[in-house]
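Just so you know, residue 1 is the first one in the sequence shown, and it goes up from there.
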Amino acid sequence: MLGRLAAKRLLEIRQVFRQPPSQASRSFSTALNYHLDSPDNKPDLPWEFSEANKSKVKEILSYYPSNYKQSAVIPLLDLAQQQQGGWLPVSAMNAVAKVIEVAPIRVYEVATFYSMFNRAKVGKYHLLVCGTTPCMIRGSRDIESALLDHLGVKRGEVTKDGLFSVGEMECMGCCVNAPMITVADYSNGSEGYTYNYFEDVTPEKVVEIVEKLRKGEKPPHGTQNPKRIKCGPEGGNKTLLGEPKPPQFRDLDAC
């Protein structure tokens with residue numbers, strides 16, 4: 001089975017490289033790996049942190065020595081992305097560069113390296129499907145297909161109502177609960193931003209989650225398997241049922 005999955009993935013990669021460069025780059029990322037000016041994303045557009053977020057900027061900077069402001073680049077970019085509704089225009093990156101007093105290219109280097117930063121618009125609910133081996137074996141491709149078919153979009157596209165977009169992320173660290181998705185909720189700006197894991201999902205369950213989000217509901221996150229508690233086995237623990245014994249120590253009084 002693993003051999004067939006690996007062969008299928010290899011075929012997908014070969015097909016990507018046969019595509020025109022612009023299409024191939026989108027197949028490997030939810031964001032462009034280069035910048036193109038557009039009416040709503042160009043350097044001369046004004047951008048600054050909101051008054052509420054300016055106090056957060058001061059708090060973030062206070063965690064670092066004054067001569068190491070550049071160390072705050074990741075949390076500041078994350079805050080800017082939350083304020084912008086899930087993506088980073090180049091003017092927001094320039095604003096962060098100004099705050100930490102570095103050349104803009106230093107911020108661009110970070111924003112283009114980490115997949116957590118979106119440099120193209122995403123939906124208010126950005127759905128990320130884990131595509132690493134454990135989740136793939138457990139059906140992550142079916143999960144992604146169910147989302148794309150239900151929403152009528154391709155990976156990296158936003159639904160016409162602006163509510164949803166679907167991307168792929170590598171290992172999210174919950175392999176024992178595979179397959180899983182993450183929902184980045186930008187519907188309420190940086191004040192109401194949440195980033196939640198939904199684990200042990202099925203194609204039917206992710207569609208159900210989408211419809212609850214569409215209605216403004218907050219579906220319970222974590223494992224979606226009612227027979228499990230967090231990352232425990234179905235039906236409860238089979239081992240380590242009693243209290244652990246204390247570690248052995250020398251009797252110091254007898255020494």
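With contacts defined as side-chain heavy-atom distances shorter than 4.5 Å, the pair L151/R214 qualifies. No side-chain heavy atom of H150 sits less than 4.5 Å from a side-chain heavy atom of L147. The shortest distance between side-chain heavy atoms of E48 and K54 falls below 4.5 Å. In this structure the side chain of P43 never reaches within 4.5 angstrom of the side chain of L45, judged on heavy atoms. Side chains of V107 and V102 form a contact here, defined as non-hydrogen atoms less than 4.5 Å apart. Counting heavy atoms from C-beta outward, R106 and Y108 have side chains that stay 4.5 Å or more apart.
Using a distance-only test at 3.5 Å, with no hydrogens or angles considered, a donor-acceptor pair links the side chain of Q81 to the main chain of M116. Between the side chain of S190 and the main chain of L79, no donor-acceptor pair closer than 3.5 Å is present. E170 contributes no side-chain N or O that, together with a main-chain N or O of C130, makes up a donor-acceptor pair within less than 3.5 Å. Proximity of a side-chain donor or acceptor of S165 to a complementary backbone N or O of V158 within less than 3.5 Å is not detected. The backbone N or O of A120 sits nowhere less than 3.5 Å from a side-chain atom of N118 that would complete a donor-acceptor pair. The closest donor-acceptor contact from the side chain of R138 to the backbone of A178 lies under 3.5 Å.
Annotation: I105, atom CD1; neighbour count of heavy atoms from other residues, nucleotides and ligands within 6.0 Å is above 12. Counting non-hydrogen atoms of neighbouring residues, nucleotides and ligands closer than 6.0 angstrom, the NZ atom of K98 reaches no more than 12 such neighbours. Within 6.0 Å of the OH atom in Y64, the count of heavy atoms belonging to other residues, nucleotides or ligands exceeds 12. In K160, the NZ atom is not crowded: 12 or fewer heavy atoms of neighbouring residues, nucleotides or ligands sit closer than 6.0 Å.
Here the closest heavy-atom approach between residue V176 and residue C231 is recorded as CG1-CB, 3.5 Å. Scanning all heavy atoms of the two residues, the minimum distance from D40 to P89 falls at O-CB, 4.4 Å. When all heavy atoms of N67 and Q70 are compared, the closest pair comes out as O-OE1, 3.9 Å. Listed here is the closest heavy atom pair of P75 and I60: CG-CG2, 3.8 Å. Here the closest heavy-atom approach between residue C171 and residue T132 is recorded as N-OG1, 2.6 Å. In terms of heavy-atom proximity, P203 sits nearest to I143 at N-CD1, 3.5 Å.
Classification of E59 and K56 as a salt-bridged pair fails, no side-chain N sitting under 4.0 Å from a carboxylate O. One finds a salt bridge joining E208 and K212 here, because a Lys/Arg side-chain nitrogen approaches an Asp/Glu carboxylate oxygen to under 4.0 Å. Between K230 and E199 no salt bridge is recorded (no basic side-chain N to carboxylate O distance below 4.0 Å). The residues D200 and R228 are annotated as salt-bridged, a charged nitrogen and a carboxylate oxygen being separated by less than 4.0 angstrom. A salt bridge does not link K154 with E157: none of the charged nitrogens is closer than 4.0 Å to a carboxylate oxygen.
One finds the CG atom of L163 at 7.0 Å from the OH atom of Y125 (value rounded to the nearest 0.5 Å). Atom CG in L213 sits 11.0 Å away from atom NZ in K215 (nearest 0.5 Å). Distance check: D142 CG to T202 OG1 gives 10.5 Å after rounding to the nearest 0.5 Å. Note that OG of S140 is 14.0 Å distant from CE of M169, once rounded to the nearest 0.5 Å. Here CG of D78 is found 8.5 Å from CG of L88. Values are rounded to the nearest 0.5 Å.
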Evaluate the criterion side chain to side chain contact (heavy atoms under 4.5 Å, CB included) for residue pair W87 and N41; output intermediate values, then yes/no. CA-CA 10 Å; W87 70 293; N41 188 9; 3.6 Å; yes
Test log, rule side chain to side chain contact (heavy atoms under 4.5 Å, CB included), inputs L128 and V183: CA-CA 6 Å; L128 295 165; V183 177; over 6 Å; no
Go through Q224 and M180 one step at a time and tell me if the side chain to side chain contact (heavy atoms under 4.5 Å, CB included) criterion holds. CA-CA 9 Å; Q224 304 298 300; M180 64 166 294; over 6 Å; no
So D185 and N196, side chain to side chain contact (heavy atoms under 4.5 Å, CB included) or not? Walk me through it. CA-CA 8 Å; D185 182 351; N196 291 317; over 6 Å; no
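Linking Ile, Leu, Val, Met, Phe, Trp and Tyr residues whenever their side-chain heavy atoms come within less than 4.5 Å places F117 and M93 in a single cluster. The same ILVMFWY cluster, assembled from side-chain heavy atoms under 4.5 Å apart, contains both I181 and V153. Under a hydrophobic-cluster definition in which Ile, Leu, Val, Met, Phe, Trp and Tyr are linked whenever side-chain heavy atoms come within less than 4.5 Å, directly or via other members, I100 and F49 are assigned to the same cluster. The same ILVMFWY cluster, assembled from side-chain heavy atoms under 4.5 Å apart, contains both V99 and Y63. The hydrophobic cluster containing V96 also contains Y114, counting ILVMFWY residues as joined when their side-chain heavy atoms lie under 4.5 angstrom apart, directly or transitively.
Ring orientation note: the planes of Y195 and Y193 are tilted relative to one another, at an angle of 30° to 60°.
In terms of the ring-ring contact (aromatic ring centres under 6.0 Å, His included) criterion, F198 has no residue partners (sequence neighbours excluded). Residues passing the ring-ring contact (aromatic ring centres under 6.0 Å, His included) test with Y197: none are found, sequence neighbours excluded.
Residues Y186 and Q84 have side chains that never bring a donor and an acceptor to within less than 3.5 angstrom of each other. Counted by atom type alone, N225 and T223 present zero donor-acceptor pairs between their side chains at under 3.5 Å.
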